[in-house]
Amino acid sequence: MRCQWVRSPRDKCARVCYLALAMRWSQAFIPTIKEAPADATSVSHLLLMRGGFIRRIGAGIYEYLPLGLRVLHKVQSIVRAEMDRAGALEVLMPALLPADYFRETGRWDVFGDNLLRLKDRKGGDYHLGPTHEEIITDMVRREIRSYRDLPRNLYQIQTKYRDEPRPRGGLLRCREFTMKDAYSFDVDEAGALASYEKMRVAYTRIFDRMGLAYRLVQADSGSMGGSTSAEFQVLVQSGEDFLAACDSCDYAANLEVAESRAPADQPAATATPPLSKVATPNVGTIAEVSAFLKAPPDRFLKSLLYLAGGEIVMAVVRGDHELNEIKLARALGVSEVALANEEQILKATGARTGFAGPVGFKGKVVVDRAAALVHAGITGANEGDFHIIDVEHTRDYQAEVRDIRSVAEGDGCPRCAKGSLKVYRGIEAGHIFVLGTHYSAKMKACYLDDKGAEHPIVMGCYGIGVSRLVATTIEQFNDTDGMLWPMSIAPYQVHVVGVGQDAAVVDACNKLVAELEQRGVEVLFDDRVERPGVKFKDADLIGIPLRVTIGAKGLASGGIELKPRTERDSKKAEIVPVDRAAEVIAERVRAMLTT
RNA sequence: CAGAGUGUAGCGCAGCUGGUCGCGCGCCUGCCUUGGGAGCAGGAGGACGCGGGUUCGAAUCCCGCCACUCUGACCA
């Protein structure tokens, strides 16, 4: 084991990194475990635990062991390099924050239970920072007064705290996690958009360097109070977010906000007869009524009652569609909506749950644009055990027509004429926002223009879940035996496995490890007195991208064996002559870093 | 916050018709073995989550609390 200060040759930013280049397993702290921990809730969680990368000490609170920390540091250094390249400046704000700043913007209350609060000995209110808009805005308002000082982009890599209702998935959703957050400050909206675009490019470079398959999607700006925003979603089956993407153009959006091509009206072949009421005893759900009346779900008008800004509102979507609460809230101009409870439904419609409908409803009604085109529709009669059939929008009920449903697989793309939408699952790895003057206006972060007039600074904010990325990468790259690290963030670049204790083998191992170290290659050398099977299993588990096997057998047949972790068949390992091994391996590492 | 469940050796679990706790893996020692988590022999390791109650006696039954997990709500 030797530690030294090195300048990594691949790092164009001339950053000096501290890296222990070579590590002998017998001297290391890599406690792998054979049996799966019972509480592992995702592939990445399982493998990070088994591989000895992390340990849990509380719900959503993890320790990083040496391998885990190396990966975390590598992700951080890629993020730093690209942020610096984009002209952002690193700062560090405290994790422990006095309550005053969040009180200033109202988020002390808005964050509610998600904020981890504490008191100091004098009884003063504090919290651990879940994000730092207020703090950075305060820093900037105290120091920046002139348009000459703008634009600026400041970022930090900090530990963040959120009292998640339910942490899960290991590092995917924690209460304490590492995040890179950047904040841009511009004189106007156009400047903010330019800053936003720079971050979009930087993020693309970051995720590309990590070799991830991801998609940039339109996103809900939510309570951040911004206008433009997009998410970087890493595509994995286990992802908790859903996104819709066009199969022929580059339209992609989080399902929360995804749109579909406007539906075309298909007039009924025959005129719809007048309304009539039918008895539907004890059948309330769409599936039940559909079976009872022998009518397909797409003829139904599903009527849901919501509480929006203190008012009861009816939202109507087609029976085969799902209502989208974010779209509904936006259509109503409120920040959020909540499903009405049974009591409120009874009071508003006069019927118990399952029999609500827009016909004759006294309150405000919003109908989805697809539901508005339903002919001879079927809906609740606002009377227990009765439905109404042959309902026509406009003729039989009045409602505001809006897009309030979630898109579904196969819907037409809203952007192009021929494409249709596919639904994917993803993990949000990054999010970029134009915030506007939401925070600067509230906190009076202003600058003077060249005429001496005062304006609020126009802001943007940009987050990357650094610790989440460690887990996300494993979610995307794993097989039945373990992790498959991309070279750029692997804990070590090369894993040397010594088979047997022959003097010739031990000598060859030591010599190769020393040569690799000299060439700046990060190498983990399994020098343990263990059976080969144990070493191979551990090597597959921790997933270092290149494995070098040195044994008597290989040496006899001409050299050492080189095998990428992605190659499952050991017999396909490449035989490299001993005297050229270090050179070939170092070159391979270099090649894998750039692809 | 609502519903469900689990806390017993480092990890995974059994024991729960009350009688002071076992198994597998891991760990230690020795022998043997060495190209995909070997084998044999011996060994160490436990206030059975915490507190109270019932009982001659509680891991086991009862009450309270705590922690954790799952499903939902929530998630810049």
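Labels below follow one simple rule: chain letters A, B, ... track the order of the sequence lines, proteins then strands, and each chain is numbered from 1.
- Classification of the A:W108-A:H127 ring pair by plane angle, with boundaries at 30° and 60°, yields perpendicular.
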Under 3.5 Å, N/O pairs linking protein and nucleotides 12-14 of chain B:
| unit_1 | atom_1 | unit_2 | atom_2 | d |
| --- | --- | --- | --- | --- |
| B:G12 | OP1 | A:A38 | N | 3.3 |

*asked:* Generate the contact string for nucleotides 35-44 of chain B. Rules: B means base contact, S means sugar-phosphate contact only, - means no protein heavy atom under 4.0 Å.
replied: BBBB------
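- The closest side-chain donor-acceptor pair between A:S406 and A:E322, if any, does not fall under 3.5 angstrom.
- Atom C1' of B:C21 sits at a distance of 10 Å from the matching atom of B:A14, rounded to the whole Å.
- Rounded to an integer number of Å, the gap from CD1 of A:I326 to P of B:A73 is 13 Å.
- For A:V334, the side chain to side chain contact (heavy atoms under 4.5 Å, CB included) criterion is met by A:A308, A:A329, A:L332, A:V337, not counting sequence neighbours.
- The separation of B:A38 from B:C25, taken at their C1' atoms, amounts to 14 Å, rounded to a whole angstrom.
- The CG-P distance, from A:L255 to B:C75, rounds to 16 Å in whole Å.
- Comparing A:V337 and A:P167 by the nucleotide of RNA chain B that holds the closest heavy atom to each, the one mapping nearer the 5' end is A:P167.
- Atoms CG (A:L307) and P (B:A73) sit 18 Å apart, rounded to a whole Å.
- Nucleotide B:G72 holds its P atom 13 Å from the CZ atom of A:R173, rounded to whole Å.
- Heavy atoms from other residues, nucleotides or ligands lying under 6.0 Å from NZ of A:K198 number 12 at most.
- For the P atoms, the distance linking B:C61 with B:U6 amounts to 11 Å, nearest Å.
- Partner assigned to B:G5 is B:C68, using Watson-Crick or G-U wobble distances below 3.5 angstrom.
- Pairing for B:G57 is absent, with no Watson-Crick or G-U wobble pair whose two atom distances lie under 3.5 Å.
- Seen from the ring of A:F102, A:R107 counts as a face-on cation partner, given the 6.0 Å and 45° thresholds.
- To the nearest whole angstrom, the two P atoms, one in B:A58 and one in B:C50, are 15 Å apart.
- Comparing the C1' positions of B:C11 and B:U29 gives an interatomic distance of 22 Å, to the nearest angstrom.
- Of the nucleotides present, none pairs with B:C75 by Watson-Crick or G-U wobble criteria with both distances under 3.5 Å.
- Using a 4.0 Å heavy-atom cutoff across all strands shown, A:M179 reaches at least one base atom of the nucleic acid.
- With sequence neighbours left out, the side chain to side chain contact (heavy atoms under 4.5 Å, CB included) criterion links A:S42 to A:S44, A:H45, A:L172, A:E475.
- Taking a cutoff of 4.0 Å between a charged side-chain nitrogen and a carboxylate oxygen, A:D138 and A:R141 qualify as a salt bridge.
- With its glycosidic angle within 90° of 0, B:A47 is assigned syn.
- Separating the C1' atom of B:A9 from that of B:G5 is a span of 23 Å, rounded to the nearest Å.
- Under the side chain to side chain contact (heavy atoms under 4.5 Å, CB included) criterion, A:D163 pairs with A:L116, A:R175, sequence neighbours left out.
- Base pairing analysis places B:U29 opposite B:A41; the two distances defining the Watson-Crick or G-U wobble pair are each below 3.5 Å.
- Across the protein-nucleic acid pair, A:L172 atom CG and B:C74 atom P stand 20 Å apart, rounded to whole Å.
- Following rounding to the nearest Å, A:I57 (CD1) and B:A67 (P) show an atom-to-atom distance of 14 Å.
- Using N1 to N3 plus N6-O4 or O6-N4 for Watson-Crick, or N1-O2 and O6-N3 for G-U wobble, each under 3.5 Å, B:G46 pairs with nothing.
- Here the P atom of nucleotide B:C75 and the CZ atom of A:F242 are 16 Å apart, to the nearest Å.
- By the salt bridge (charged side-chain N to carboxylate O under 4.0 Å, His left out) test, A:R568 is found to be paired with A:D479, A:D481, residues two or more places apart in sequence or in another chain being considered.
- The separation between A:R55 atom CZ and B:C68 atom C1' is 17 Å, rounded to whole Å.
- When both pairing distances are held under 3.5 Å, B:G22 makes a Watson-Crick or G-U pair with B:C13.
- B:G18 sits 26 Å from B:C13 when the P atoms are compared, rounded to a whole Å.
- No hydrogens or angles considered: a donor-acceptor pair under 3.5 Å links the side chains of A:D181 and A:Q156.
- Nucleotides B:C75 and B:C23 have their C1' atoms positioned 42 Å apart, rounded to a whole Å.
- Between A:Y203 and A:F207, the angle of the ring planes goes over 60°, which puts this pair in the perpendicular group of the 30/60° scheme.
- Residue A:R166 has no polar side-chain atom (N or O) positioned under 4.0 Å from OP1 or OP2 of B:C75.
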